[in-house]
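Structure, as structure tokens:
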Protein chains: 2
Amino acid sequence: MARWQPGTRERLQETALQLFGTQGYDATTVAEIARDAQVTERTFFRHFADKREVLFAGQSDFLGLFTHPIEQAPADAAPFELVRGALLASGDFFDAEKRPFSRARQAVIDQNPALQERELGKLATLKIHLGALLVARGVTEPTATIAAETAVTLFHLSFQQWIAADEDRSFRAVATERLAALQDFVHPTR
Amino acid sequence: MARWQPGTRERLQETALQLFGTQGYDATTVAEIARDAQVTERTFFRHFADKREVLFAGQSDFLGLFTHPIEQAPADAAPFELVRGALLASGDFFDAEKRPFSRARQAVIDQNPALQERELGKLATLKIHLGALLVARGVTEPTATIAAETAVTLFHLSFQQWIAADEDRSFRAVATERLAALQDFVHPTR
DNA sequence: GTCTATAGTGCGATAGAC
DNA sequence: GTCTATCGCACTATAGAC
């Protein structure tokens, strides 16, 4: 008999999301999650640095989705085109099938300020990576940082709208709308 | 003899910043701050919801600085002009005299991810207030949210540069540079 | 895998301001 | 008398140290 079951990490994440959804985040203890997932509290904290992290671990795979199109772009591409390309490409990850899960996860996050702060922290990490990538491509400051901030902000706003209750358009369609709104905001056509 | 001295809140904030600066945030306990400020631990938590908050409480006065110029602007002002006005006006608060204090406070925040997350949370609150204000002025979505996000992001980036070690220009000068960089990023002149 | 420090909560009692 | 700031203490959960 195996000493431990495979997929402990994933089991903890699923168990946590389900408990958070039914009981609320604060009302769910780490001990409870661990018990339901058949491990000890100590094991939970070996997989996740803190209680909040169980909801966010694993989405760093998604960093590559954002940076890959930028790395592949022609060397003379303008920063705004790099951002546009990365934003639209990131939408491929968020297909219709993932929308229910994303909504359930976000519903938990939206109910707890501490989780909202962690979400912002993760986005800030993405901004820093993206800014460094743009600098490596020769974009100068302060443009590189502004471009990175703008890209991640547009991603976040697009994502929020994509999972809104009454939204059924694709991520790409929502993101395109926000890109246009930014351009019109900065340089109004009339 | 009085049971309690006036200005407990401010005393706790000053004591905390000093201890954080010398010992580090994690190495300083709430009990220690309370002892130095001549109150009990319980009193600390009556003034501040959590340990981090002692570094952030009080800066909500600064919200008005941001929103006031927008409320005063002519009804037909374009969103970008509202943002520009608010950003430059907020700079009046950050005069040369405040720079050393701001640098000391930020040095503590920069050393601790939990404090960085709280800072992002505070900025997110400002974004929400600002977005609601723009909507109340008749700006439609998604432009209102994009304008609010952009305004607060430009503020944050300007502030970060303003307190950089080698920076001696005024907040206004730094912010103006970032406004120009955004415009050039979104619609390059060449 | 166990043990412990710290953060943070709940509640009743108390002291002074009004 | 009411209101508010403080104290004091018991308590739980997180998180890190050993």
Side-chain angles (χ1 to χ4, degrees), chain A residues 1-5 8-9 11-13 15-58 108-109 111-122, chain B residues 1-58 108-109 111-122:
Chain A
M1 178 180 162
R3 172 110 172 253
W4 41 266
Q5 306 283 326
T8 297
R9 193 184 177 80
R11 214 167 59 248
L12 281 167
Q13 292 191 74
T15 306
L17 180 57
Q18 203 197 324
L19 288 173
F20 293 161
T22 54
Q23 310 178 340
Y25 177 81
D26 282 333
T28 305
T29 65
V30 171
E32 208 170 353
I33 300 167
R35 181 169 47 71
D36 278 23
Q38 314 263 24
V39 294
T40 64
E41 238 174 291
R42 187 68 181 78
T43 299
F44 179 96
F45 284 110
R46 273 198 309 110
H47 282 282
F48 309 104
D50 59 45
K51 184 181 169 186
R52 284 178 274 169
E53 198 62 18
V54 71
L55 275 170
F56 294 92
V108 174
I109 294 172
Q111 280 176 3
N112 193 291
L115 294 173
Q116 293 164 35
E117 288 187 354
R118 176 58 53 86
E119 184 179 34
L120 293 170
K122 292 289 177 179
Chain B
M1 176 181 163
R3 169 101 177 262
W4 39 268
Q5 310 278 330
T8 298
R9 194 183 176 81
E10 291 70 24
R11 214 168 57 248
L12 282 167
Q13 293 190 76
E14 287 164 25
T15 305
L17 180 57
Q18 204 196 325
L19 288 173
F20 292 162
T22 53
Q23 308 179 341
Y25 176 81
D26 282 333
T28 305
T29 65
V30 171
E32 207 170 353
I33 300 167
R35 182 169 45 71
D36 277 21
Q38 313 263 25
V39 293
T40 65
E41 226 173 314
R42 196 68 187 82
T43 297
F44 178 95
F45 285 111
R46 205 165 285 99
H47 282 282
F48 309 103
D50 57 47
K51 184 180 168 187
R52 284 176 272 170
E53 198 61 18
V54 72
L55 275 170
F56 294 92
V108 174
I109 295 172
Q111 280 176 3
N112 193 290
L115 294 174
Q116 292 164 34
E117 289 187 353
R118 176 57 53 88
E119 183 179 35
L120 294 170
K122 292 290 177 180

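Note on naming: letters A, B, ... go to the chains in the order of the sequence lines (proteins, then strands), and numbering restarts at 1 for each one. Because only heavy atoms are used, hydrogens play no part in the values below, and waters and symmetry mates are left out as well, while side chains stay in.
Between dA5(D) and His47(B), no contact under 4.0 Å exists linking OP1 or OP2 to a side-chain N or O. At the phosphate of dG1(C), neither OP1 nor OP2 sits under 4.0 Å from any side-chain N or O atom of Thr40(A). Side-chain N/O atoms of Thr8(B) include one lying less than 4.0 angstrom from OP1 or OP2 on dT6(D).
In terms of the side chain to side chain contact (heavy atoms under 4.5 Å, CB included) criterion, residue partners of Phe45(A) (sequence neighbours excluded) are, by chain and number, Val30(A). Under the rule for a side chain to side chain contact (heavy atoms under 4.5 Å, CB included), the partners of Leu115(B) that lie at least two apart in sequence or sit in another chain are Tyr25(B), Arg52(B), Leu55(B), Phe56(B), Val108(B), Ile109(B), Asn112(B). Residues passing the side-chain hydrogen bond (donor to acceptor under 3.5 Å, both in side chains) test with Thr29(A): none are found, sequence neighbours excluded. Legend: residues meeting side-chain hydrogen bond (donor to acceptor under 3.5 Å, both in side chains) with Thr15(A), ordered by chain and number and at least two apart, are absent. Applying the side chain to side chain contact (heavy atoms under 4.5 Å, CB included) rule to Ala34(A) yields the partners Val39(A); only residues at least two apart in sequence or on another chain are considered.
For the pair Gln23(B) and Ala27(B), the tightest heavy-atom approach, listed with the atom from each and the gap, is O-CB, 3.3 Å.
As rounded to whole Å, 13 Å separates atom P of dA5(D) from atom CG of Leu12(B). As rounded to whole Å, 12 Å separates atom C1' of dA13(C) from atom CZ of Arg46(B). One interatomic measurement links the two molecules: CZ of Phe48(B) to P of dT9(C), which rounds to 14 Å at whole-angstrom precision. Rounded to an integer number of Å, the gap from Gln23(A) CD to dA13(D) P is 13 Å. A straight line from CG of Asp26(A) to C1' of dA7(C) spans 14 Å, rounded to a whole angstrom. In this structure, Phe44(B) places its CZ atom 12 Å from P of dT9(C), rounding to the nearest Å. The CZ-P distance, from Arg9(B) to dT4(D), rounds to 15 Å in whole Å.
With contacts defined as side-chain heavy-atom distances shorter than 4.5 Å, the pair Gln111(B)/Phe20(B) does not qualify. Leu12(A) has its side chain out of reach of Arg9(A): every pair of non-hydrogen atoms, C-beta onward, lies at least 4.5 Å apart.
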Every protein N/O lying under 3.5 Å from an N/O of nucleotides 15-18 of chain D:
from, atom 1, to, atom 2, distance (Å)
dA15(D), OP2, Lys51(A), N, 2.9
dA17(D), N6, Arg42(A), NE, 3.4

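Of the two residues near DNA chain D, Thr28(A) and Gln38(B), the one whose nearest nucleotide lies more 5' is Gln38(B).
Against DNA chain C, the stretch residues 111-121 of chain B makes no heavy-atom approach under 4.0 Å.
Screening residues 31-51 of chain A for salt bridge (Lys or Arg N to Asp or Glu O under 4.0 Å), with sequence neighbours left out, gives Asp50(A)-Arg118(A).
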